[in-house]
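First the structure, in the form of structure tokens, and then the observations on it.
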Amino acid sequence: MAEMLINQTMSTTKRTHFQVPSLPAFRTVNYRRNYVKILNSLNGSVQNSRKLRVAYQGAPGAYSEFAAKTACPESVTIPCRAVINVISAIETGRADLAILAVESTMEGTAVRNYDLLLQRDLCIVQEINLFVQYCLLAMPGVTKSELKRVISHPMALAHCGRSLAELGLDHQAVDDTAGAVELLLSNRMLDTAAIASTRAAALYGLDVLAHGLQDESWNVTRFLILSKNNPKIAKKRKVGVKTSMVVAHHSGTLDVLLKVLSTFSSRKISLTKLEVNSSSNNNGPVKVLDAHEGGSIKEYPCVLHVDFEGSVDDQKVKDAIAELSDLPVYVRILGCYSADPTIYGLQ
Ligand SMILES: O=C(O)C(=O)Cc1ccccc1
């Protein structure tokens with residue numbers, strides 16, 4: 001099914017007329033089931049409103065909003081200006097869930113978003129992968145030759161570096177792709193284009209001047225859906241479950257790395273992500289909230305991000321975590337959730 005969805009999306013790349021993608025029911029069946037589970041598990045906090053509120057970064061029409069709507073098909077989405085506002089929406093109870101883009105095939109991990117996840121008492125309840133294609137949008141009637149600059153989310157600009165160089169346009173980062181479109185419209189900017197989706201173009205009534213702007217045709221972004229509570233949704237399932245954890249330590253990264261590999265491989269637990277995040281990468285110690293010690297923030301020179309197949313309720317996973325805990329490391333489980341093998345397309 002995943003392959004079919006991708007092929008469908010890839011084969012439409014060169015077409016000049018696009019349909020705004022809706023959310024076909026068959027793609028959201030599993031999400032609907034998960035949505036109900038999340039809803040039930042958060043029952044206390046959801047109370048009267050039976051729809052979950054999902055905070056995302058960006059204006060309506062942002063890729064994150066599409067990801068939120070796909071993963072939580074009956075939810076109400078709450079636009080937030082910056083990622084920090086997304087986090088505070090969930091912490092203050094203005095939202096039940098938050099969605100964050102955490103990595104892309106073209107750029108790797110969005111370290112700052114991951115760092116925020118480590119610093120807060122939040123739990124991953126779902127992942128969703130979105131096949132992202134970018135378009136060049138401009139005010140109605142504007143032609144490419146009239147353009148001087150392009151504005152968009154920093155990740156979108158990074159993903160389209162070669163196309164932008166070919167177009168010979170300056171570029172400027174703004175908060176999000178749909179926000180860029182809003183900016184064009186509200187200021188009637190006739191010399192500026194935005195990089196965003198066809199969905200944003202349709203929503204705001206802009207022209208699409210080019211499709212498939214990303215430098216690589218294979219461009220998938222992974223989003224995580226976060227909750228303030230730990231809803232124990234996926235733990236009991238035996239298949240299709242993934243766990244994310246962080247292993248923070250003060251020294252001996254290589255030893256910790258080897259230990260993680262041997263601990264998991266000896267139990268035939270497949271890793272889906274293994275990444276070192278060290279102070280030398282981001283100019284400072286990595287801050288991790290220590291849930292054991294009254295929620296204090298501790299600083300570590302290095303953390304390992306480890307995602308693996310399986311649930312924290314599996315005996316072999318419990319054994320692996322116990323074995324790792326013998327090391328002088330701090331292990332925190334970030335979430336145990338349904339893995340998403342499907343890649344959803346959005347142009
Ligand atoms: O700016 C947006 O639309 C977002 O949702 C953030 C983003 C940007 C580029 C790819 C995926 C998500």
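As the structure lists them, so they are numbered: ligands from 1, and atoms in each ligand from 1. As the structure is a computational prediction, the values presented were derived from the model and not from experiment.
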Winner among His153, Glu107, Met106 once heavy atoms are compared against atom 6 (C) of ligand 1: His153
Top protein contact for atom 10 (C) of ligand 1, by heavy-atom distance: Tyr134 OH, 3.3 Å
Would Glu127 and Arg222 pass as an ion pair if we require N to O under 4.0 Å? yes
Hey, are Arg149 and Asp191 close enough for a salt bridge, meaning a charged N less than 4.0 Å from a carboxylate O? yes
Does Ser64 reach ligand 1 with a nitrogen or oxygen that is under 3.5 Å from one of the ligand's nitrogen or oxygen atoms? yes
For ligand 1 and Asp175, I'd like to know whether there is a polar contact (N/O to N/O, distance under 3.5 Å). no
Report the nearest protein non-hydrogen atom to atom 2 (C) of ligand 1: residue, atom name, distance rounded to 0.1 Å. Thr177 OG1, 3.3 Å
Numbering the atoms of ligand 1 from 1, which are under 4.0 Å from a heavy atom of Asp176? 1 (O), 2 (C)
Under 4.0 Å to a heavy atom of Ala62 - the qualifying atoms of ligand 1, by number: 2 (C), 3 (O), 5 (O)
With ring centroids as reference points, do Tyr56 and Tyr63 lie under 6.0 angstrom apart? no
Ion pair Asp115/Arg120, N-O distance below 4.0 Å: no
Distance from atom 7 (C) of ligand 1 to nearest protein heavy atom, with residue and atom: Met155 CE, 4.1 Å
Indicate whether any N or O donor in one side chain lies under 3.5 Å from an N or O acceptor in the other, for Lys273 and Thr109. yes
Pair listing, ring pair (Phe, Tyr, Trp, His ring centres under 6.0 Å) test, anchored in residues 102-126, at least two apart: Tyr114-His305
